[in-house]
Amino acid sequence: MELNVDIVSAEGEIYSGMADMVFASAEMGEVGIAPRHAPLLTRLKAGEVRVKHGGDEQSFFVSGGVLEVQPYQVTVMADTAARAADLDEAAALEAKKRAEEAIAQQHSDVDLALAQAELAEAAARLHLLQKLKSKR
Amino acid sequence: MAVGKEIKSKIGSVKNTQKITKAMEMVAASKMRKAQDRQAAATPYAERIRRTIGHLAQANPDYKHPFLMERPVKRVGIIVVSTDRGLCGGLNINMFRKALGEYRSAKDAGAEVDLMIVGSKGMSFFKRIGGNIVSEITGLGDTPHLDQLIGPVKVLLDKYRDGELDKVVLIHNRFVNTMTQSPVVEQLLPVVPVKDEGLLDNWDYIYEPSAEDLLDGILMRYVEAQVYGAVAENVACEMAARMIAMKSASDNAGQIIEDLQLEYNKARQAAITQELAEIVGGAAAV
């Protein structure tokens, strides 16, 4: 009896294969999972996930995530970035602020195009003036 | 010969434009492949997390997380995924049309709409129509990362959790193939769990720490993963659309060059004929 192990992150699959035993650092402490483990759902701390298959052992670093255990299936959903409530909060506030600023700023693409046209005209006038000056 | 000098310079300028559009076409083609790989890499995570949510819903059907509960819809959150840059054909416009339809139908049903916008094209469009934009992210570039999306998505998730929003939908372009990208609307919240038939009834997880905490984290990651997947797919769509747009622009430039060349030859021929006629006429007069 072997375990089916999937380690995935949002931006890519990290490992997929069979294993005799999986070790991970869960939030409440290190867990070792053998086949026919009871269903378990836990958060992971930043740390190592070790996959033992036959004689060899592979190790992966995860910065956190969620571990789901079914009797013959272990799924590690790894985070791609360090997560913390206050970090997320700061990012959310920033996104909100950006949206407010963008709305407050009245220049849209149309205004920009208009400004560019005006600038081009002004530059052309200046050029002409300089030409006239140098002729004199 | 002074004849056709204008036409000559026109041909030169069209040729220059053609060079640029050809280069853009090739750049978009190579970027498209990479973007498709990134999109494919995002799918296993979304699938696994969807499966876990299905398991969870099956394991304890009594506990209802707010993210799983249907409520009467008084306020809708719409996430619109657009591109940052233009020159990609009708990609954004088609998607905006779909988004606007969704926006209007929500308003017609008496619901308010909050918007989250990805990409500056979407920003300028929805600013113009006066939508209530609550969060935005622009400048993600060709290689978007999940952590850039956490903040903007959290704004909507928090609103949903607080009962300010009753439904969240995601509107983005689906990559059908290189020639076709079609806008789609997906419901993000409330989450509709899929059942795994292979599982027995009457079992539950051991939760560490509490079930609510875990479910909250998982559902949050699920929504983020969905949005990330949409953004990654949108980059592939953008590149494909730009490739096609630039290809047809190059073809059109070639056609214009051909026409101009023909006109130039005609003008040159006319000038020569006239000169000959003048010489012949002059000789006859002598």
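Computed from heavy atoms alone, side chains included, the values below leave out hydrogens, waters and symmetry copies.
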From CA spacing to verdict: side chain to side chain contact (heavy atoms under 4.5 Å, CB included), B:Met220, A:Asp88: CA-CA 11 Å; B:Met220 199 170 79; A:Asp88 289 4; 4.0 Å; yes

Residues A:Leu41, B:Thr52; criterion side chain to side chain contact (heavy atoms under 4.5 Å, CB included); working and verdict: CA-CA 9 Å; A:Leu41 197 62; B:Thr52 305; 4.1 Å; yes

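Proximity of A:Arg98 to B:Ile137: side-chain heavy atoms (C-beta onward) are separated by under 4.5 Å at one or more points. Within the 4.5 Å cutoff, no side-chain heavy atoms of A:Glu11 are placed close to those of B:Tyr45. Counting only heavy atoms from C-beta outward, the side chains of B:Arg51 and A:Thr75 approach each other to under 4.5 Å.
For residues 16-31 of chain A, the salt bridge (Lys or Arg N to Asp or Glu O under 4.0 Å) pairs, not counting sequence neighbours, are A:Glu27-A:Arg43, A:Glu30-A:Arg50. Sorted by first then second residue, the salt bridge (Lys or Arg N to Asp or Glu O under 4.0 Å) pairs that include residues 67-76 of chain A, not counting sequence neighbours, number zero.
For the set A:Ala99, A:Pro39, A:Ala91, the count of heavy-atom pairs under 4.5 angstrom toward chain B peaks at A:Pro39. Of the listed residues A:Ala95, A:Ala78, A:Ala10, the one with more heavy-atom pairs under 4.5 angstrom with chain B than any other is A:Ala10. Counting heavy-atom pairs closer than 4.5 Å to chain B, the top residue among A:Gln73, A:Glu100, A:Glu94 is A:Gln73.
Within 6.0 Å of atom NZ in B:Lys107, more than 12 heavy atoms from other residues, nucleotides or ligands are found, so the atom counts as buried in its surroundings.
Interface residue B:Val134: only backbone heavy atoms are found under 4.5 Å from chain A. When heavy atoms are compared at a cutoff of 4.5 Å, B:Asp213 approaches chain A by way of both its backbone and its side chain. Contact of B:Gln39 with chain A is not made at all, since no heavy-atom distance falls under 4.5 Å. Both the backbone and the side chain of B:Tyr207 come within less than 4.5 Å of a heavy atom of chain A.
Remark: the backbone N or O of A:Ala102 is not paired with any side-chain donor or acceptor of B:Glu136 at under 3.5 angstrom.
The CZ atom of B:Arg221 lies 12.0 Å from the OG atom of A:Ser9; values are rounded to the nearest 0.5 Å. Interatomic distance, A:Asp79 CG to B:Glu224 CD, rounded to the nearest 0.5 Å: 8.5 Å.
Considering all non-hydrogen atoms of both residues, B:Val155 and A:Lys96 come closest at CG1-CE, 3.9 Å.
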